[in-house]
Visitor: 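This structure is in C-alpha cells; I'll ask about it shortly.
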Amino acid sequence: MADAAGSFLEPLLGCLESTGMLDAATREVAAFLRVKANWGDLDKARDSLGAVEATVKARVAEEEDKLNVCDPQVQVWLRRVEELRRDTIDEDYGSLLKFSCLCQCTVHARRRAWIGKRVVEALEEVNKLTEEGRQFKKFGLKPPPDIVNLLPQMETFGLESMLTKLHDLLEKGDSNIIGVWGQGGIGKTTLLHVFNNDLEKRARDYQVVIFIEISNSETLNTIEIQQTISERLNLPWNESETVEKRAKFLVKALARKRFVLLLDDVRKKFRLEDVGIPTPDTNSQSKLILTSRYQEVCFQMGAQKNHIEMPVLDAAAAWNLFLSKLSNEACESLNSNNVVRQHAMAIFSNCGGLPLALNVIGTAVAGLEGPKEWISAANAINTNMDNIDGVDEMFYRLKYSYDRLTPIQQQCFLYCTLFPEYGSISKEQLVDYWLAEGLLLDDREKGYQIIRNLISACLLQTSSSVSSKVKMHHVIRHLGLWLASKTDQKFLVQAGMALDSAPSAEKWKEATRISIMSNDIKEISFSPKCRSLTTLLIQNNPNLNKLSWGFLKFMPSLKVLDLSHTAITSLPECDTLVALQHLDLSHTLITRLPERLWLLKELRHLDLSVTVALEDTLNNCSKLLKLRVLNLFRSHYGIHDVNDLNLDSLKALMFLGITIYAEDVLKKLNKTSPLAKSTYRLNLKYCREMQSIKISDLNHLVHLEELYVESCYDLNTLDADSELTTSGLELLTLSVLPSLENVIVAPMPHQFRHVRKLAISMCPKLKDITWVLKLEMLERLVITHCEGMLKIVEEDSSEGAEAMPDHPSEEQDDDADEWSSEGQSVCKTKPTDGRTHTGFSNLRSIVLTDVKKLRSICKPRDFPSLETIRVEDCPNLKSIPLSSSYNCGKLKQVCGSVEWWEKLEWEDEEGMESKLFIPI
C-alpha cells in the first residue's frame, strides 16, 4: 500500500518540482517562518545601501561642482533608492509585532505571510541596488553645449516695444532676414544683446544662435567673422586656408543647422556666402537679424519687407537711464537741491535721448554732488554748442568725458583713433606705441592703467572674446577724430577704407600722425615732407611692394614706423629718422637693412620677425644701444658664427627673439647671461651636425616661451629632462627634421610641463610620440606630413615610463583624479584591459594632415577638454579614440572626408553621433 502511495506521489512531486511550484512553496514557508531573521538582514542591507548612496551622492556633488550634470543612469538609481525608502513596510512590520502567537488567528497568519514575502522582496531589492551602486564608474557628464551664448546682461530702458516687434517678426514664417536700423549710439547693440539672451527661453526651436560684431566700415573683416562662426560651431581653424575655401566650408557647416544669426553694426552690403553664411530661406527655418546705421543697407542685405527703425528714448526712459548712472550721493543731491536738479536736467536734455550719450555723460558726472560741481559740468558740456547739427552736436555733448581725462590720457585716447573702425586693438601694441611717442616715460604698467581708465570712462570697450584686446565704439572713435581736428595736432586717418592708392603728398604735409593701415595700397611713389609727423602706420597693406627711395627723407620727428605685413623688399634710406624709437618690419619681404640704420640712435623697438627674405642686417643691430626689443624670430637672417653673436652691447635689451644656425652659437647664447635672460623666442634652423638638444642645457634662457626647431638635418634626439629651473616654454614646433628619432621626456617635473601647443611636421623617422602623454598642459596638437608615423601613442607593447606620466604614489593618483579638468588634472580611466590610461586632460584640438601611414591615435580614454578633431589625407587611420564608455563631453566636431568617416571602425556598436561630423 505504501509502495502504491509512493509510486503515486513520486511523479506528482517530480511534476511540481519541474514547474518550480515546490521551490516557490518552500520560499513562501521560509518567508513566513524567518520573517524576524529576514527583517534583521534587511536592516543590515539598508545600512550598506545607505553607505553606498552617500558615496554616490558625494561623487555626484563633485561632478556638479565641476559644472557637470549627473549621469542619467545614476539619476535613475537614486530615484529607485528614494522610492524604496518611502515604502510602508516598516509600519506594517511594526503592527505585526503586536501579535506574538504564530497562529493567533487565520487573519494574522495571512498577514504574517504577506509581510514576510514583502520583507524578502525588499531585501532582494536593497541588495540589488547596493550592488548596482558599487558598479558605477561615471557619476557626471559634461552638459551639452549651449545653444545660446549668453552675452553680458545690459540694463534696458525703453526697449520693451522694440523687443516685442523683433520677437513678432521672428515668429513670422516669411521673415528670414530682419533689419534694425538707426543712428549710431541709439542702442541697437543693447537691443541685440538682450534679444540674444531672450532666445535662451526658446532654445529648443534652434540648434545654434550666433552673435557677430561686424563693424566693418569700408573694409569687411571677413577673417574675424569666420573666426567667430568657427568658434561658435567649435570648428578647427586653419590659418593656411584661403578665405574662399573656408567660406565654402562654413556655409556647408551652418546649412546643416537651424540657426539664428545676429549681425551687429553692418555698414556696407556684402554677400553672405562670401564670408561663410548661407542665406536663410523659409525651408531652413533659420533667421538672420542685422543692425545698421543705414536703412538702405538693411534693404541691400535682404530685409526690404522686415525692418524696424529705432527711435531715440522717450523722456521717461532716458531720464531713468541717466539716473541709473549716478551715484547714490549724486541722486540724493539732485532730489534735495533745486539748483543741482536744474543743471542736471540741462545736462540730461543735451543728450537728446541718445543712449550712448546718456551712458557716457552720466558716467562722467556720476560722482558730482554740490551745486558748484553741477554748474561747472553743465557749463562745460554746453560750451560752443551753438549752430552745431547732427553728429557734431553729439560730439560736443560727449566731450565732457574727454575733458575729465588728464592730458596724457587724452593723448592716449586720441591715439586709439588711428586704428580701423572695425576689429580690436592689441593692448600690448598700444602700450608699445605710447612708449615710443613718449607718453608713458618708460612705465608700461602706467599704459595698462590708462587703458583701464579709458574703459571705465566708456571711451574704450573690452573685447568680448580676447582679454588682451580692446575696441572703440564707432561713435566714440569719430568723437576722437573730431577732437583731434580741434587741436594743434593734425591726424590723417584713412585706415581700413579699401584704398588702392595712398592719400596725396599734400595731405601729409601738416600731419602729426598718419594711419593708412589695412588697405590695398600697392605703392607710394612720392617723398612727402612731414616735419611734424611722429607716427606713421602703414601695416596690413599686403600688396604694398614699393616705397620711393626718398620716402622717409623728410620725417625728422618720426617716432613710430610700422610697415609690417606688407610686401616691401627694401627699406628706403632712413638715416634722417633721428627720433625713431619703434620700427616694425615683421612679415615683410625685405632682403637687408639700410647700411646706415645704425644712425637711428634712439631706436628701442626693432621687429624683424618672419622676414623670410632677410639676408643681412649689416651689423646694425649691435650698434643700436638703446634697443629694448629685438625680434629676429623665424627670420631668414640668423646667427651662423659665434663671432656674429655680438649683441652684448645691448645693455638695455629686455626682449630677444632670435634665429640661430649653429650649435656653438646656441651654446654661446646660453652662456651669455644677460642676453640669455632676454630671450623669449628661439628659432633653431639649419644647425649642421647638431645631433641632440637637451632642454636643460638651455637653463639660462629662463624666459623662453617659444622654441621652433626646423631643418636641422642631423638632429636625432630631443631631451626634455627633469626640470631644474622654472621653465615657461609654451609653444614648441618641430619641422623638417629628417633624422629625429628620439624625443625623451622625463617624469614630472620636466622641461615641457607648460607646453600648450605642439606642432610636428615632416619628421619622417618618428613612428610615434607616446611622450606627448606627459604634456599635461597641452591644448593643441598638430601633426602634418610625418610619413613614418604609425601611431601617435604606442600602447600595444609594454608602455613603461615613456607611455605614462609617472606619479610618485597611488595616493597621488587618487588625488589627481579628483581635480577639475580645467586645473592640473591627470585624466584617469580604467579600461577593460586592466591598465590605466592617462594624459590629454587639457587637450582641446587634434589636427592630423597627410600622415599617410598613421593607423591609430591612441586607445580610447577620457578626453575631458577635447573640442575638435580634424583629419585630412590619413587613409590608414581607421579609428579614433572615442567611445561612449569614456568622457568626451566637450567634443563638438570631427572633420574629415565623407569616405574616411564612413569607413571608421568604432569600439562599441553605437559609435559617435553623425551630427558631430563635418565633411571637408
Side-chain angles (χ1 to χ4, degrees), residues 67 69 142-172 175-182 184-215 224-225 227-234 254 257-266 277 280 285-292 298 303 306-311 313 317-318 320-321 324-325 355-356 358-359 362-363 424 455 458 461-467 471 473-474 890 892:
L67 302 182
V69 296
K142 292 291 182 183
D146 293 332
I147 294 173
V148 178
N149 186 15
L150 293 180
L151 298 170
Q153 189 63 44
M154 298 180 178
E155 191 173 6
T156 60
F157 297 86
L159 289 182
E160 293 77 15
S161 62
M162 293 299 302
L163 281 169
T164 300
K165 290 180 181 179
L166 204 49
H167 279 293
D168 289 344
L169 282 176
L170 189 72
E171 295 290 339
K172 287 176 59 179
S175 57
N176 301 103
I177 300 179
I178 303 168
V180 179
W181 63 280
I186 205 166
K188 300 184 297 295
T189 298
T190 300
L191 175 69
L192 222 54
H193 270 240
V194 176
F195 185 77
N196 174 87
N197 293 352
D198 278 354
L199 289 177
E200 185 186 31
K201 302 169 187 173
R202 17 180 330 187
R204 67 180 62 184
D205 296 340
Y206 300 96
Q207 293 174 293
V208 64
V209 177
I210 305 176
F211 181 98
I212 303 177
E213 296 178 3
I214 300 294
S215 301
E224 278 202 5
I225 296 172
Q227 284 178 330
T228 302
I229 296 174
S230 296
E231 288 171 2
R232 284 294 286 125
L233 297 181
N234 204 33
L254 259 181
K257 296 183 178 294
R258 193 168 62 256
F259 63 84
V260 176
L261 200 60
L262 307 177
L263 303 182
D264 188 32
D265 200 12
V266 180
I277 302 171
Q285 297 183 325
S286 293
K287 304 285 185 177
L288 185 146
I289 301 172
L290 63 98
T291 68
S292 178
C298 291
N306 302 289
H307 59 90
I308 307 171
E309 180 184 2
M310 280 199 72
L313 297 180
N320 288 332
L321 173 55
S324 73
K325 297 299 172 183
L356 180 62
L358 290 162
N359 274 298
T363 301
S424 302
I455 292 173
C458 299
Q461 299 174 335
T462 56
S463 176
S464 58
S465 57
V466 185
S467 61
K471 56 186 178 181
H473 191 284
H474 58 88
K890 285 189 175 181
K892 297 179 180 178

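The figures here come from the full heavy-atom set of this structure, side chains too, leaving out hydrogens, waters and symmetry mates. Index from 1, following the sequence.
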Visitor: Which heavy atom in Arg232 sits nearest to a heavy atom in Val209, and how many Å separate them?
Guide: NH2-O, 2.8 Å
Visitor: Before you tell me yes or no, could you show the steps for Ile289 and Leu170 under side chain to side chain contact (heavy atoms under 4.5 Å, CB included), namely the whole-Å CA-CA distance, both residues' side-chain angles and the distance that decides it to 0.1 Å?
Guide: CA-CA 9 Å; Ile289 301 172; Leu170 189 72; 4.2 Å; yes
Visitor: To the nearest 0.5 Å, what is the distance between CG on Leu321 and CG on Asn359?
Guide: 5.0 Å
Visitor: Take Lys892 and Leu233 through the side chain to side chain contact (heavy atoms under 4.5 Å, CB included) test and state the conclusion after the steps.
Guide: CA-CA 7 Å; Lys892 297 179 180 178; Leu233 297 181; over 6 Å; no
Visitor: Keeping Lys188 on the side-chain end and Gly182 on the backbone end, is there a donor-acceptor pair under 3.5 Å?
Guide: yes
Visitor: Which distance, rounded to the nearest 0.5 Å, do you find between the CD1 of Ile210 and the CD1 of Ile229?
Guide: 6.0 Å
Visitor: Report the C-alpha separation of Met310 and Thr291 in whole Å, then their side-chain angles, then the decisive distance to 0.1 Å, and conclude whether the side chain to side chain contact (heavy atoms under 4.5 Å, CB included) test is met.
Guide: CA-CA 10 Å; Met310 280 199 72; Thr291 68; over 6 Å; no
Visitor: Could you tell me the separation between the CG atom of Leu290 and the CH2 atom of Trp181, rounded to the nearest 0.5 Å?
Guide: 13.0 Å
Visitor: Looking only at atom types and distance, does a side-chain atom of Gln207 sit under 3.5 Å from a main-chain N or O of Arg258, one as donor and one as acceptor?
Guide: yes
Visitor: Taking all non-hydrogen atoms of both residues into account, name the closest pair between Gly185 and Pro355 and its distance.
Guide: O-CD, 3.4 Å
Visitor: Listed by chain and number, what are the salt bridge (charged side-chain N to carboxylate O under 4.0 Å, His left out) partners of Glu155, not counting sequence neighbours?
Guide: none
Visitor: Do Ser286 and Lys257 have side chains that approach each other closer than 4.5 Å (heavy atoms only, starting at C-beta)?
Guide: no
Visitor: If you look at every heavy atom in Met162 and Pro311, which pair is closest and at what distance?
Guide: SD-CD, 4.0 Å
Visitor: Can you tell me how far the CG atom of Leu263 sits from the CG atom of Leu288, to the nearest 0.5 Å?
Guide: 4.5 Å
Visitor: Excluding sequence neighbours, so at least two apart, what forms side-chain contact (heavy atoms from CB on, under 4.5 Å) with Asn306?
Guide: Leu169, Lys172, Ser175, Ile178
Visitor: Could you check whether any side-chain heavy atom of Tyr206 comes within less than 4.5 Å of a side-chain heavy atom of Gln285, counting everything from C-beta outward?
Guide: no
Visitor: Got a second to check how far Ile277's CD1 is from Phe259's CZ, nearest 0.5 Å?
Guide: 7.5 Å
Visitor: Test side chain to side chain contact (heavy atoms under 4.5 Å, CB included) on Asn149 and Phe211; report intermediate values, then the result.
Guide: CA-CA 8 Å; Asn149 186 15; Phe211 181 98; over 6 Å; no
Visitor: I need the minimum non-hydrogen distance between Gly179 and Ala303, along with the two atoms involved.
Guide: N-CB, 3.4 Å
Visitor: Whether the side chain of Asn196 engages the backbone of Leu192 through a donor-acceptor N/O pair (distance < 3.5 Å, no angle test) should be reported.
Guide: no
Visitor: For the residue pair Ile212 and Ile214, establish whether any side-chain heavy-atom pair is separated by less than 4.5 Å.
Guide: yes
Visitor: Quick one: does Leu191's side chain get under 4.5 Å of Leu163's, heavy atoms only?
Guide: yes
Visitor: At what distance, to the nearest 0.5 angstrom, does OG of Ser292 lie from NE2 of His307?
Guide: 12.5 Å
Visitor: Are Leu358 and Leu313 packed together at the side-chain level, in the sense that at least one heavy-atom pair is separated by less than 4.5 angstrom?
Guide: yes
Visitor: Whether the side chain of Asn197 engages the backbone of Leu151 through a donor-acceptor N/O pair (distance < 3.5 Å, no angle test) should be reported.
Guide: yes
Visitor: Please report the closest heavy-atom contact between Ser424 and Glu224, naming both atoms and the distance.
Guide: N-OE2, 3.9 Å
